[in-house]
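Numbers for residues simply follow the sequence, beginning at 1.
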Amino acid sequence: EAVQAVRKWCGLSGRMIKAILVFNNHGKPRLSRFYQHFSEDMQQQIIRETFQLVSRRDENVCNFLEGGSLIGGSDYKLIYRHYATLYFLFCVDSSESELGILDLIQVFVETLDKCFENVCELDLIFHMDKVHCILQEVVMGGMVLETNMNEIVSQVEAQTKLEKAEAGFSAAPARAVSAVKNINLPEIPRNIKVSNLSPFV
C-alpha cells in the first residue's frame, strides 16, 4: 500500500519501469539496470541504440521520446535528463507520467549528489556498489519504492554503517593475530650447549 501511495503521489501508474540507464556523452555506460530479462549482448545493443536516439536530440526539445525498436518501440517511452557529461534515462511503459519520471530522475540525481558530495562521473565508476544501493532504495523490480531524498539518504547511511560494523567484526580475528605477532617477547636463546648448563645439585 505504501508503494502504491508513493506512485500515486508521483503520478505514476502501476506498470513497470523496464530499464534505467546512465551513459556519458560518448555513449559509455556508467550504470545499467534492466528489469526485464535481456541477454548481455542485447543489453549492449539496447544501450547503443538508446544513446544514438537521445544524443541526436537538440537540447531545446522535450526530454522524452518513443522507445527504440529493441526496447519495445511505441509501447515504451524513453525519459531522460542530461547533466553535464551524463545522461540519466528511464525506459518506462507508454502510460507512465513523463513529469513524474522526470521528477524521479531528479530525486535520484540529487540523492547521488548528496551521498557523494557533488557527484561526478568518476563516482559512478569507482563506487558502483554504492550507486546500485542508492538506486535500490528508489526503484526495485521496476517499481518505485521511495521518492523522499532524505529518507533514501537515511537508509543508505544506515546500510553503510551496518556494512562497516560487519567488516570490523570480521576483521577482529585478523587484528588479534597481528597484535600477538607484534608483542615484544624476550628472545629465546638458541644453540644452547649442554656443557654450558650448571649441573643439578
Side-chain angles (χ1 to χ4, degrees), residues 1-24 29-38 42-43 46-47 49-51 53-54 57 62-68 70-84 86-119 121 123-124 127-163:
E1 292 181 2
V3 172
Q4 292 301 324
V6 168
R7 294 183 66 80
K8 184 177 181 181
W9 182 82
C10 293
L12 303 175
S13 73
R15 303 293 183 88
M16 287 180 61
I17 294 170
K18 196 168 188 178
I20 296 175
L21 307 174
V22 179
F23 39 76
N24 66 14
R30 297 309 183 204
L31 171 68
S32 62
R33 177 64 66 85
F34 288 85
Y35 299 103
Q36 179 176 330
H37 176 72
F38 292 101
M42 179 58 72
Q43 288 182 20
I46 289 172
I47 291 171
E49 180 188 56
T50 303
F51 171 71
L53 289 171
V54 172
R57 293 170 65 81
C62 65
N63 292 53
F64 49 89
L65 67 157
E66 185 178 289
L70 297 177
I71 198 72
S74 60
D75 290 336
Y76 289 88
K77 289 183 291 194
L78 304 177
I79 302 173
Y80 67 95
R81 283 185 180 273
H82 188 197
Y83 300 88
L86 294 170
Y87 288 90
F88 288 77
L89 182 143
F90 282 44
C91 175
V92 302
D93 184 88
S94 59
S95 63
E96 291 285 15
S97 163
E98 291 92 351
L99 294 179
I101 295 296
L102 286 172
D103 285 344
L104 190 61
I105 295 173
Q106 185 69 19
V107 168
F108 179 45
V109 173
E110 287 183 1
T111 304
L112 289 172
D113 199 53
K114 189 164 185 176
C115 290
F116 290 106
E117 299 180 0
N118 298 321
V119 67
E121 187 174 346
D123 291 316
L124 273 64
H127 303 285
M128 183 59 65
D129 289 345
K130 187 172 183 178
V131 173
H132 277 282
C133 180
I134 294 169
L135 179 59
Q136 285 181 175
E137 293 296 331
V138 181
V139 178
M140 182 175 287
M143 301 288 287
V144 178
L145 296 182
E146 183 59 71
T147 60
N148 185 304
M149 183 182 68
N150 292 329
E151 183 64 27
I152 297 166
V153 172
S154 176
Q155 292 295 327
V156 171
E157 289 178 346
Q159 179 66 26
T160 301
K161 287 180 181 178
L162 179 62
E163 290 174 354

Q: Could you tell me which non-hydrogen atom of Ser97 sits nearest to which non-hydrogen atom of Ile79, and how far apart they are?
A: O-CD1, 4.4 Å
Q) Within a strict 4.5 Å, meaning less than it, do heavy atoms of the Ile152 and Leu145 side chains meet? A) no
**Q.** Backbone of Asn150 reached by a side-chain donor or acceptor of Ser154 within 3.5 Å
**A.** no
Q: Indicate whether the side chain of Gln155 and that of Glu151 have a donor and an acceptor atom separated by less than 3.5 Å.
A: yes
Q | Under 3.5 Å donor-acceptor, Arg57 side chain and Cys62 backbone | A | yes
**Q.** Separation of Ile134 CD1 from Gln159 CD (nearest 0.5 Å)
**A.** 11.5 Å
Q: Of all the heavy-atom pairs spanning Leu135 and Leu31, show the shortest one and how long it is.
A: CD2-CD2, 4.2 Å
Q | Candidate pair Phe34 and Ile46, rule side-chain contact (heavy atoms from CB on, under 4.5 Å), full reasoning | A | CA-CA 10 Å; Phe34 288 85; Ile46 289 172; 4.0 Å; yes
Q) For Tyr35, which residues count as a ring-ring contact (aromatic ring centres under 6.0 Å, His included) partner, sequence neighbours excluded? A) none
Q | Minimum heavy-atom distance Pro29-Phe23, with the two atoms named | A | CA-CB, 3.9 Å
Q.
Using every non-hydrogen atom in the two residues, find where Asp123 and Phe116 come nearest and quote the distance to one decimal.
A. OD2-CB, 3.8 Å
Q) How long is the span from the CD1 atom in Ile105 to the CD1 atom in Ile20, to the nearest 0.5 Å? A) 8.5 Å
Q. How far apart are the C-alpha atoms of Val109 and Leu86, what are their side-chain angles, what is the distance that settles it, and do they pass the side-chain contact (heavy atoms from CB on, under 4.5 Å) test?
A. CA-CA 11 Å; Val109 173; Leu86 294 170; over 6 Å; no
Q.
Working to the nearest 0.5 angstrom, can you tell me the gap between Ile101 CD1 and Phe90 CZ?
A. 6.5 Å
Q | Leu53: side chain to side chain contact (heavy atoms under 4.5 Å, CB included) partners, not counting sequence neighbours | A | Glu49, Leu65, Leu78
Q) Closest approach of Ile71 and Cys91, non-hydrogen atoms and distance? A) CG1-SG, 3.2 Å
Q: Determine yes or no for a side-chain-to-main-chain donor-acceptor pair under 3.5 angstrom, with Lys77 supplying the side chain and Phe64 the backbone.
A: no
Q) What's the spacing between Gln106 CD and Leu99 CG if we round to 0.5 Å? A) 12.5 Å
(Q) Please find the pair of heavy atoms, one from Arg81 and one from Leu102, that lie closest to each other, and give the distance. (A) NE-O, 3.0 Å
Q: Look only at the side chain of Lys114 and the backbone of Val153, and say whether a donor-acceptor pair between them is shorter than 3.5 Å.
A: no
(Q) If I take atom CE from residue Met140 and atom CZ from residue Arg33, how far apart are they, to the nearest 0.5 angstrom? (A) 8.0 Å
Q. Which residues pass the salt bridge (charged side-chain N to carboxylate O under 4.0 Å, His left out) test with Arg30, sequence neighbours left out?
A. Glu121
Q | Short side-chain to backbone donor-acceptor contact, Asn63 and Tyr80, under 3.5 Å | A | yes
Q: List the steps and the verdict of side-chain contact (heavy atoms from CB on, under 4.5 Å) for Tyr83 and Asp113.
A: CA-CA 12 Å; Tyr83 300 88; Asp113 199 53; over 6 Å; no
Q | Partner residues of Asp129 under the side-chain hydrogen bond (donor to acceptor under 3.5 Å, both in side chains) criterion, sequence neighbours left out | A | none
Q. For Tyr76, which residues count as a ring-ring contact (aromatic ring centres under 6.0 Å, His included) partner, sequence neighbours excluded?
A. none
**Q.** Any donor-acceptor N/O pair, Gln36 side chain to Lys18 backbone, under 3.5 Å
**A.** no
Q) Which value, rounded to the nearest 0.5 Å, describes the distance between Cys133 atom SG and Glu163 atom CD? A) 6.5 Å
Q: Go through the steps to decide whether Val107 and Asp103 satisfy the test side-chain contact (heavy atoms from CB on, under 4.5 Å), and finish with yes or no.
A: CA-CA 6 Å; Val107 168; Asp103 285 344; 5.6 Å; no
Q | Results of ring-ring contact (aromatic ring centres under 6.0 Å, His included) for His82 - residues two or more places apart only | A | Tyr87
